[in-house]
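Below is one structure; the comments refer to it alone.
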Protein chains: 2
Amino acid sequence: MREFKRRSRVLLIDDNADHLRGVKELITLESCYDVVGTTTSANIGINLAKKYRPDIILMDINMPEKDGLQAIQEIEKLGLDIRVIALSGYDDADLIFRAMKIGAKGYVLKTMASAQLIYAMDEVAAGKVYLPTALTSRFFEYFQNSFKEEAQASAEENLLTYLTAREEEVLDLLTQGNNYKSIAGKLFISETTVKTHVNNIFQKLQVNDRTQAVLYALNNGFANRRLSKIAV
Amino acid sequence: MREFKRRSRVLLIDDNADHLRGVKELITLESCYDVVGTTTSANIGINLAKKYRPDIILMDINMPEKDGLQAIQEIEKLGLDIRVIALSGYDDADLIFRAMKIGAKGYVLKTMASAQLIYAMDEVAAGKVYLPTALTSRFFEYFQNSFKEEAQASAEENLLTYLTAREEEVLDLLTQGNNYKSIAGKLFISETTVKTHVNNIFQKLQVNDRTQAVLYALNNGFANRRLSKIAV
DNA sequence: TTTGTCTTACATCTTTAGATTGATAAAAAC
DNA sequence: GTTTTTATCAATCTAAAGATGTAAGACAAA
């Protein structure tokens with residue numbers, strides 16, 4: 001399939017000029033990619049990205065002047081369908097996690113074999129996300145750890161389970177910042193009924209006011225819109 | 001290394017009796033693992049897990065009676081150092097994500113080659129987390145998507161930046177469910193001063209009440225304890 | 001049939017929250 | 001050295017929130 005497509009265009013950003021040259025040579029000689037630009041400055045790199053619209057950017061994220069992660073984020077925000085692969089000297093789980101979180105389509109260590117880099121570029125060019133197996137393992141350790149507390153929290157008694165269906169509806173509207181009148185309007189019931197429900201919610205959740213109820217809900221599985229996608 | 005250790009013990013849970021037999025035979029003949037039990041029931045499986053303490057559980061997560069994901073969660077909650085590999089017929093991104101989130105150490109498709117399953121078990125037995133490359137790609141699509149909205153949100157103007165240091169302190173206490181009196185006590189200022197601050201906060205965040213202020217804060221970078229770990 | 005839960009609703013009352021205006025002193029910015 | 005911002009406090013007022021008790025109709029379980 002790929003042989004019928006035009007050669008993918010690559011931009012290299014790395015503050016180490018030597019490494020930059022090495023990677024450029026590698027790509028030029030051993031792959032089917034065109035290097036359309038190289039720079040040692042993250043800021044210039046962002047501008048080159050806007051100008052040349054490469055298919056792929058190889059971004060060193062261990063640069064002293066500007067944070068490579070931030071640069072990736074800025075490029076992602078452009079919404080230009082440019083796929084960024086993070087290059088790093090460290091297999092730090094936190095770094096990997098953050099890079100993938102902000103939208104990097106790959107993460108390759110500088111110490112890895114050149115074939116690994118080319119392979120990553122092939123996968124990413126084909127629309128996939130690619131992480132070397134060893135780094136995937138690292139990533140998941142971190143990922144699962146970040147949910148461990150939450151799992152333990154939900155292992156405790158969750159007072160939310162005592163709520164009736166209607167009370168859950170009311171609580172959901174509370175977690176969206178509605179007041180009594182607004183909730184009454186949305187549920188087509190009277191304001192006094194809403195007050196009754198809310199009071200029952202307070203009793204069941206053992207809280208004193210709506211703010212505490214909302215906080216309890218958010219911290220115990222009642223997903224708000226932002227987090228709903230990654231709820232179990 | 002592994003040849004010096006005792007053979008790892010495996011428990012199989014799959015509601016399809018045929019598939020269960022097939023996997024048992026496969027493992028017995030072609031791997032160095034001991035199958036210490038098999039069952040078609042998730043509930044019985046959990047009890048067997050408590051009893052036999054296997055090193056690894058292969059858990060079918062597409063069972064009609066009991067949700068396999070829930071079963072994994074219950075096993076994880078036991079805290080027994082049992083590593084669960086999810087077996088599934090579907091390469092659905094949401095399923096993969098949820099399985100990994102609740103602590104599965106691997107996710108293998110039933111349609112995959114038997115060697116792939118053995119390899120996954122080897123990796124997991126060695127303490128790693130293993131996802132086949134194709135599924136890793138799926139996982140990351142989902143993972144990155146779930147953070148897209150957030151990234152766009154933080155690309156907008158963040159009204160929190162307009163708050164003074166004192167106002168941030170007050171808002172922080174608001175996000176912990178404190179009322180005026182409580183905040184005044186903790187900051188050693190009068191209640192009326194707190195009211196002034198809170199009113200200024202409302203103005204700056206363009207909200208009408210404290211619940212909305214708290215929600216704005218939580219959704220725009222004011223980390224509460226649970227989410228702080230996975231912030232960029 | 002009775003019992004219990006859920007949902008609805010109202011009245012009453014107290015407390016808290018929120019809006020508005022005004023004021024002072026210190027600190028920071030110009 | 002003046003202006004602006006920040007932090008502090010007060011009085012007053014209205015609106016909203018919360019507490020408490022009561023109760024009727026629906027519905028399901030016992």
Side-chain angles (χ1 to χ4, degrees), chain A residues 156-225, chain B residues 65-66 157-224:
Chain A
E156 297 166 15
E157 186 180 39
N158 192 338
L159 299 176
L160 290 173
T161 59
Y162 296 131
L163 300 183
T164 67
R166 197 54 158 174
E167 285 162 357
E168 281 189 6
E169 278 186 273
V170 173
L171 180 54
D172 185 49
L173 292 170
L174 279 182
T175 63
Q176 290 169 33
N178 295 283
N179 59 16
Y180 286 136
K181 187 185 291 185
S182 171
I183 294 174
K186 287 180 178 171
L187 296 182
F188 304 107
I189 56 180
S190 84
E191 216 171 311
T192 57
T193 304
V194 179
K195 286 192 178 191
T196 306
H197 288 313
V198 170
N199 263 287
N200 291 334
I201 291 169
F202 292 167
Q203 300 301 319
K204 290 184 179 179
L205 300 188
Q206 297 166 23
V207 298
N208 303 312
D209 55 56
R210 62 179 54 205
T211 307
Q212 291 177 3
V214 166
L215 289 169
Y216 185 93
L218 295 182
N219 285 324
N220 291 84
F222 231 75
N224 64 4
R225 292 124 302 288
Chain B
E65 35 148 355
K66 180 151 194 172
E157 186 182 41
N158 191 338
L159 300 175
L160 290 173
T161 59
Y162 296 131
L163 299 183
T164 68
R166 198 56 159 173
E167 286 163 355
E168 282 188 6
E169 278 186 274
V170 173
L171 181 54
D172 186 50
L173 291 171
L174 279 182
T175 62
Q176 290 169 33
N178 296 283
N179 58 16
Y180 286 136
K181 187 185 290 185
S182 170
I183 295 174
K186 287 180 179 171
L187 296 182
F188 304 107
I189 55 181
S190 85
E191 216 171 312
T192 58
T193 305
V194 179
K195 286 192 178 192
T196 306
H197 288 312
V198 170
N199 264 287
N200 290 334
I201 290 170
F202 291 167
Q203 301 300 317
K204 291 184 178 178
L205 300 188
Q206 295 166 24
V207 297
N208 303 312
D209 56 54
R210 64 178 55 203
T211 307
Q212 292 177 4
V214 166
L215 289 170
Y216 185 93
L218 295 182
N219 285 324
N220 291 84
F222 233 76
N224 63 5

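First the proteins, then the strands, lettered A, B, ... as listed; each starts at 1. Atoms considered below: every heavy atom in the structure, side chains included; atoms not considered: hydrogens, waters and symmetry mates.
- Residue B/Leu171 contributes atom CG, which lies 13 Å from atom P of C/dG18 at whole-angstrom precision.
- For A/Leu174 and D/dA17, the CG to C1' distance is 11 Å, given to the nearest whole Å.
- Sequence order on DNA chain D of the closest nucleotides to A/Gln203 and B/Asn200 puts B/Asn200 first from the 5' end.
- Distance check: A/Ile183 CD1 to A/Gln176 CD gives 9.0 Å after rounding to the nearest 0.5 Å.
- Distances shown here put a side-chain N or O of A/Thr164 below 4.0 Å from the OP1 or OP2 atom of C/dT7.
- Atom-to-atom distance recorded for A/Ile201:CD1 and A/Leu174:CG is 5.5 Å, nearest 0.5 angstrom.
- Closest of all the heavy-atom pairs between A/Tyr180 and A/Val194 is CD2-CG1, 3.7 Å.
- If you take CD of B/Gln212 and C1' of D/dA16, they are 13 Å apart, rounded to a whole angstrom.
- B/Lys195 contributes atom NZ, which lies 13.0 Å from atom CD1 of B/Ile189 (distance to the nearest 0.5 angstrom).
- Comparing D/dT8, D/dA17, D/dA7 against the side chain of B/Thr196 picks out D/dT8 as the nearest.
- Atom CG of A/Asp209 is separated from atom C1' of D/dA16 by 13 Å (rounded to the nearest Å).
- Dashed line: the shortest gap from a side-chain N or O of A/Thr192 to OP1 or OP2 of C/dA9 is not under 4.0 Å.
- Taking atom OH of A/Tyr162 as the reference point, atom P of C/dC6 lies 13 Å away to the nearest angstrom.
- Put simply, A/Ser190 has no side-chain N or O that comes within less than 4.0 Å of OP1 or OP2 on C/dT8.
- Taking 4.0 angstrom as the limit, A/His197 places a side-chain polar atom (N or O) nearer than this to OP1 or OP2 of C/dT8.
- Candidate nucleotides D/dG18, C/dT8, C/dT7 were compared by shortest atom distance to the side chain of A/Ile189, and C/dT8 ranks first.
- Atom P of nucleotide C/dT8 and atom CG of A/Leu187 are separated by 8 Å, given to the nearest angstrom.
- Between B/Tyr180 and C/dG18, a side-chain N or O to OP1/OP2 separation shorter than 4.0 Å is present.
- Among the heavy atoms of the strands lying under 4.0 Å from B/Lys195 is at least one base atom, whether or not backbone atoms are also near.
- An OP1 or OP2 oxygen of D/dA19 is reached within less than 4.0 angstrom by a side-chain nitrogen or oxygen of A/Asn199.
- When rounded to the nearest whole Å, the span between CZ of B/Arg210 and C1' of D/dA17 equals 11 Å.
- Rounding to whole angstrom units, NZ of residue B/Lys204 and P of C/dA19 are separated by 15 Å.
- Looking at A/Val214, A/Asn178, A/Asp209 one by one, the single match for side-chain contact (heavy atoms from CB on, under 4.5 Å) with B/Thr211 turns out to be A/Val214.
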